[in-house]
2 protein chains.
Amino acid sequence: MVQITGGSKADEMIEQFRLRCKEVGLKVTPQRVAIYKALLESREHPSAESVYRTVSNVMPSVSLDTVNRTLLTLAELGVAFVVEGTGDVRRYDAILEDHQHFRCIKCKRILDFHCDEFDNIETPEFLKDKCTVLRSSVYFEGLCNDCQGKESK
Amino acid sequence: MVQITGGSKADEMIEQFRLRCKEVGLKVTPQRVAIYKALLESREHPSAESVYRTVSNVMPSVSLDTVNRTLLTLAELGVAFVVEGTGDVRRYDAILEDHQHFRCIKCKRILDFHCDEFDNIETPEFLKDKCTVLRSSVYFEGLCNDCQGKESK
DNA sequence: CTCTGTGCAAACACTTTGCAGCTAA
DNA sequence: TTAGCTGCAAAGTGTTTGCACAGAG
């Protein structure tokens, strides 16, 4: 849906990425640029493995580890992010009643809360054409009070 | 949709669980009951490891594998579920503009879509007291058309 | 020239699988 | 009795860490 139009827009984003790196004091290595570019061009929320395969085509010497580390770096820089919830161990819930989740990105704790207005999110029509929605939820992410104060990474 | 109302009706829920097992032809083993009970009583969306520790207290002989398998079974039964997105490999996204995600629970693919009304989800006041929300999103889960037809589990 | 970033390999953490003995029905 | 479970151990997958060398600034 969201479209990155044309190649020039991508170039522009890569330029911004370079600036952002310098701003924070990170080196602009060919690997980082290639990985960011691959992520930008991917329309499928790739896993590290998937980005690795793409980057390997243009830079066969790159390692999966570098891809992993770089993607994490990109997320820290704020030029990319981790899709909500992914990367966590599996967690279960026996509460079947409507409720929403807040997840602390530091300690990984999940807080339940409930807000009537979020109970019946309507599935957009165009989504119904593409898939069968079984569950929908509103999801919040951030820092819980316990983790908020602590500066320890 | 199984609707269970009430709060301190753990025994009642366990009874329903027994019935549900029989209904589907699953044996009601002490392990299954203990694991379901532990999950019911936990208020923190536990991981398998966490449930395992709890159950170990009352049944030291259980294995982590059984806990893992049983939790998956509970999710299939519909008496519990996997918290949205958890258990997947980490996935990244370089699109910073507002958009929402649909995730196919079978092939794990993620579809982007965009719906204005979901862009500015307001954080409930009481949540603001408990944590600092950095991101909020509306999330849909189900089967994509490609997986829909296929009966292969 | 210096110090960060990279590639490699080993270590980890979590999950899944195969199998033999056990047990709920 | 017997099909379905469980416990154990091993294998699989994804992620992290430690280290020496390479290359960006």
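Atoms considered below: every heavy atom in the structure, side chains included; atoms not considered: hydrogens, waters and symmetry mates.
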Mind calculating the distance between [atom1] ([X]) and [atom2] ([N]) to the nearest angstrom?
| X | N | atom1 | atom2 | value |
| --- | --- | --- | --- | --- |
| B:Leu74 | D:dC5 | CG | P | 12 Å |
| A:Glu76 | C:dT4 | CD | P | 15 Å |
| B:Met59 | D:dG7 | CE | C1' | 13 Å |
| B:Leu26 | C:dA25 | CG | C1' | 13 Å |
| A:Tyr52 | C:dT6 | OH | P | 14 Å |

Compile the donor-acceptor pairs under 3.5 Å between side chains in residues 23-33 of chain B and protein atoms, sequence neighbours left out, one pair per line.
residue	atom	partner	partner atom	Å
B:Glu23	OE2	B:Arg20	NH1	3.1
B:Thr29	OG1	B:Arg32	N	3.2
B:Arg32	NH1	B:Lys27	O	2.9

Under 4.0 Å protein heavy-atom contacts per nucleotide of nucleotides 14-24 of chain C, with B for base, S for backbone only and - for none: SSBBB-----B
Is the shortest side-chain N/O distance from A:Ser63 to OP1 or OP2 of C:dG7 below 4.0 Å? yes
Nearest non-hydrogen partners of A:Phe118 and B:Ile121, listed with the distance: CZ-CG2, 3.7 Å
Using 30° and 60° as the class limits, which term best fits the ring planes of B:His99 and A:Phe81: parallel, tilted or perpendicular? tilted
Any idea how A:Phe113 and B:Phe126 line up, ring-wise: parallel (<30°), tilted (30 to 60°), or perpendicular (>60°)? perpendicular
For the helix from C:dC1-D:dG25 to C:dA25-D:dT1, what is the angle between the axes at its two ends, each from 5 pairs, rounded to 10°? 40°
According to salt bridge (charged side-chain N to carboxylate O under 4.0 Å, His left out), does anything in residues 49-64 of chain A pair up with another residue at least two apart or in another chain? List the pairs. A:Glu49-A:Arg53
For residues 65-75 of chain A, please give each side-chain donor-acceptor pair under 3.5 Å, one per line with the distance, not counting sequence neighbours.
residue	atom	partner	partner atom	Å
A:Thr66	OG1	A:Ser63	OG	3.1
A:Thr70	OG1	A:Thr66	O	2.7
A:Thr73	OG1	A:Arg69	O	2.8

Judged by atom type as modelled, is there a donor-acceptor pair below 3.5 Å linking the side chain of A:Arg91 to the main-chain atoms of B:His45? yes
Within residues 115-124 of chain B or reaching into it, pairs that qualify as side chain to side chain donor-acceptor pair (under 3.5 Å) - sequence neighbours excluded: B:Gln100-B:Asp119, B:His114-B:Asp119
